[in-house]
Amino acid sequence: MDQYRLGFPVKVVGAPLKANDARRWQSNPHLSVSLAYLRDIFLYLHTNAIQFYRVAAQLAPYVTHPTMPQFHNQLDESANELQATGQLARQLGLRLTSHPTHYIQLSSPDEGTVAASCADLAITAAIFERMGLDHDAVIVVHVGGVYGDPVSGCERFARQFETLLPAVRARLVLENDDHRYSFEDVLWIHERTGVPLVLDTLHLRCLNPSRRTQLDALTTALGTWPPDRRPKIHFSSPRTSPRVVERSGKEQWQAPLPHQHSDFLDPFAVIDLLRDAQAADLRPFDIMLEAKAKDLALLRLREQIKQFAPELAALVG
DNA sequence: CGATGTCAAGGAATC
DNA sequence: GATTCCTTGACATCG
């Protein structure tokens with residue numbers, strides 16, 4: 001198996017493929033439709049030799065909506081499709097992951113918010129379960145809101161983690177963010193709970209109060225994963241191009257925010273990271289590439305690695 | 001068909 | 001306590 005598998009999230013831009021059934025409730029959207037879309041995406045991934053992919057956060061529309069019970073049974077209604085879609089994923093050797101929306105707030109002091117978050121996570125875990133995916137099909141979350149006191153936020157997250165369903169706990173992994181909970185914060189939660197950590201390299205550059213080096217953070221993050229599970233990281237490059245906005249009929253250029261993703265990736269930043277990982281003899285891991293050009297960014301990066309770091313090309317999948 | 005408003009959901013900043 | 005932004009794409013509606 002490749003030492004570093006490259007992946008991309010959700011939306012395919014290199015082909016006219018949908019990632020989920022995103023119709024409004026009035027049109028009766030359904031998980032089985034999302035799964036049909038997903039199978040087409042899997043074939044596209046296979047065609048391009050991509051084996052790592054983040055599925056849409058909302059495969060089963062409105063499935064946990066509190067006032068729309070007609071949507072609550074979608075997993076049972078799609079039991080056969082779930083099984084078949086999972087079988088295809090396994091046949092093609094795909095590693096699938098999920099990154100639920102920011103509405104997932106396990107650090108919230110509000111019981112209802114936490115309960116809704118847990119319900120959502122349980123559905124995602126059940127979808128992966130019914131697809132027959134192993135525990136490398138992880139669910140990535142952030143710590144959540146700060147509510148005035150980040151220490152209490154971390155404590156609430158850690159306490160909540162212990163009460164999660166085993167099926168959720170077996171897949172949940174935690175990512176450092178760019179303005180609230182730093183890598184140190186998620187490391188503290190890992191030490192309390194054992195939850196594996198997803199290092200987001202751009203977030204580390206935005207928020208790194210302890211001035212940890214990227215290689216040190218990478219080494220530490222990989223070490224939070226048990227030996228029988230394959231770690232993953234998030235990688236992106238900061239946007240540098242201006243955003244053109246319309247202000248009272250006139251075009252204005254706006255500077256991008258540092259945490260915004262660029263369309264494509266800085267190939268040399270990736271190459272430096274991989275060379276560092278090689279030199280330090282770190283274990284294999286997968287890299288989720290967060291770039292606006294999605295699959296096109298991945299394919300371009302692959303070519304650039306061949307061009308600028310041919311010694312790495314055979315290690316990158 | 002193209003333009004425009006809207007979407008389930010939370011949090012934080014602002015007033 | 002209420003309002004708006006965050007941020008993103010694509011659906012849905014309207015002209």
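Each chain gets a letter, A, B and so on, in the order the sequences are listed, and its residues count up from 1.
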Roughly how many Å is it from [atom1] in [X] to [atom2] in [N], rounded to a whole number?
X: A:Tyr37; N: C:dG9; atom1: OH; atom2: P; answer: 18 Å
X: A:Gln74; N: B:dA8; atom1: CD; atom2: C1'; answer: 14 Å
X: A:Gln26; N: C:dA10; atom1: CD; atom2: C1'; answer: 15 Å
X: A:Tyr103; N: C:dC6; atom1: OH; atom2: P; answer: 14 Å
X: A:Asp110; N: B:dA12; atom1: CG; atom2: C1'; answer: 16 Å
X: A:Trp25; N: C:dC11; atom1: CH2; atom2: C1'; answer: 14 Å
X: A:Gln70; N: B:dA8; atom1: CD; atom2: P; answer: 12 Å

(request) Classify the side chain of A:Arg23 and the base of C:dC11 as holding, or not holding, a donor-acceptor pair under 3.5 Å. (result) no

Which of the following nucleotides, [options], is nearest to the side chain of [X]?
X: A:Lys292; options: C:dT8, B:dG10, B:dC7; result: C:dT8
X: A:Lys11; options: C:dA10, B:dA8, B:dA12; result: C:dA10
X: A:Gln105; options: B:dA8, B:dG10, C:dC11; result: B:dG10

Between [X] and [Y], does any side-chain N to carboxylate O distance fall below 4.0 Å?
X: A:Arg212; Y: A:Glu184; answer: yes
X: A:Glu303; Y: A:Arg300; answer: no
X: A:Lys232; Y: A:Asp200; answer: no

(message) Just checking A:His99 against A:His142, ring centres under 6.0 Å apart?
(response) yes

(message) Roughly how many Å apart are C:dT8 and B:dC1, using the C1' atom of each and rounding to a whole number?
(response) 23 Å

Give one of base, sugar-phosphate or nothing for [X], where a contact means two heavy atoms less than 4.0 Å apart.
X: A:Thr67; value: nothing
X: A:Thr64; value: base
X: A:Ala116; value: nothing

(message) Please name the nucleotide paired to C:dT8 by Watson-Crick or G-U wobble geometry with both distances under 3.5 Å, or report none.
(response) none

(message) I want to check one thing: is the phosphate of C:dA12, taken as OP1 and OP2, less than 4.0 Å away from some side-chain N or O of A:Ser27?
(response) yes

(request) Calculate, to the nearest 0.5 Å, the distance between atoms OG1 and OH belonging to A:Thr113 and A:Tyr103 respectively. (result) 12.0 Å

